[in-house]
Amino acid sequence: AKNSDTAAGISQAIGQPMLWLSGVFWRLEELPKFVQTISKALPLTYLGRGLRETMVNGNDAAALKDLAVVVVLAAGFFAAASMLISWKEK
């Protein structure tokens, strides 16, 4: 992004669909199969499920499993972003 306004728009364009597709507002089982497949690639899916397992069901073991998935996805996205972003001043 060339400025902060563009960066804010890009983050909203990425964040809003992820929020709606991650199962935060409704159960993933109610969504079509192809959307469920997309949702499994979103970190927010595992974060929301982990929080739900801890706070609603009291299942800390399942939450730790979801946390591990979030950490792996974050490391992968960080590595990809580090390779794609140009650090040189233009």
Side-chain angles (χ1 to χ4, degrees):
K2 298 202 185 279
N3 58 40
S4 61
D5 291 334
T6 306
I10 292 170
S11 69
Q12 287 296 316
I14 294 169
Q16 287 297 319
M18 186 174 15
L19 184 64
W20 288 99
L21 295 174
S22 67
V24 172
F25 297 117
W26 48 74
R27 295 168 35 103
L28 288 177
E29 293 80 17
E30 297 173 6
L31 298 175
K33 291 288 183 194
F34 76 94
V35 176
Q36 291 179 26
T37 303
I38 294 168
S39 296
K40 289 179 183 176
L42 302 175
L44 193 55
T45 300
Y46 300 98
L47 181 64
R49 188 169 61 193
L51 289 171
R52 190 177 311 109
E53 285 294 329
T54 299
M55 293 187 293
V56 177
N57 302 329
N59 187 354
D60 293 338
L64 288 174
K65 182 177 151 186
D66 289 326
L67 177 63
V69 173
V70 170
V71 168
V72 168
L73 286 172
F77 288 137
F78 181 79
S82 295
M83 289 185 268
L84 294 173
I85 293 175
S86 173
W87 296 98
K88 296 178 182 177
E89 186 96 15
K90 291 183 179 181

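In terms of heavy atoms, Arg52 sits closest to Val24 at NH2-CA, 4.3 Å. Of all the heavy atoms in Pro43 and Met18, the pair that sits closest is CD-SD, 3.9 Å. Of all heavy-atom pairs spanning Val70 and Leu47, the tightest one is CG2-N, 3.8 Å. Here the closest non-hydrogen pair linking Leu21 and Leu31 is O-CD1, 4.4 Å. Taking both residues in full, the closest heavy atoms of Leu28 and Gln36 are given as O-NE2, 3.1 Å, listed atom of the first, atom of the second, then distance. Summarising the geometry of Gly50 relative to Ala63, their closest heavy-atom pair is O-CB, 3.4 Å, with the distance given to 0.1 Å.
Under the 4.5 Å side-chain heavy-atom criterion for Ile, Leu, Val, Met, Phe, Trp and Tyr, Leu67 and Tyr46 are members of distinct hydrophobic clusters. Leu84 and Ile10 are members of different hydrophobic clusters when ILVMFWY side chains are connected at heavy-atom separations under 4.5 Å. Transitive grouping of hydrophobic side chains (ILVMFWY, heavy atoms separated by less than 4.5 Å) keeps Phe25 and Val56 in distinct clusters. Phe78 and Val71 fall into different hydrophobic clusters, where Ile, Leu, Val, Met, Phe, Trp and Tyr are joined by side-chain heavy atoms under 4.5 Å apart, directly or via other members. Leu73 and Leu64 fall into different hydrophobic clusters, where Ile, Leu, Val, Met, Phe, Trp and Tyr side chains are chained together by heavy-atom contacts under 4.5 Å.
Here CZ of Phe77 is found 13.0 Å from OG of Ser82. Values are rounded to the nearest 0.5 Å. Between the CD1 atom in Ile85 and the CE atom in Met83 there is a gap of 11.0 Å [rounded to 0.5 Å].
Using modelled atom types, no side-chain atom of Thr45 and backbone atom of Ala41 make a donor-acceptor pair closer than 3.5 Å. Side chain of Ser22 to main chain of Leu19: a donor-acceptor pair is present (N/O by atom type, distance under 3.5 Å, no hydrogens or angles).
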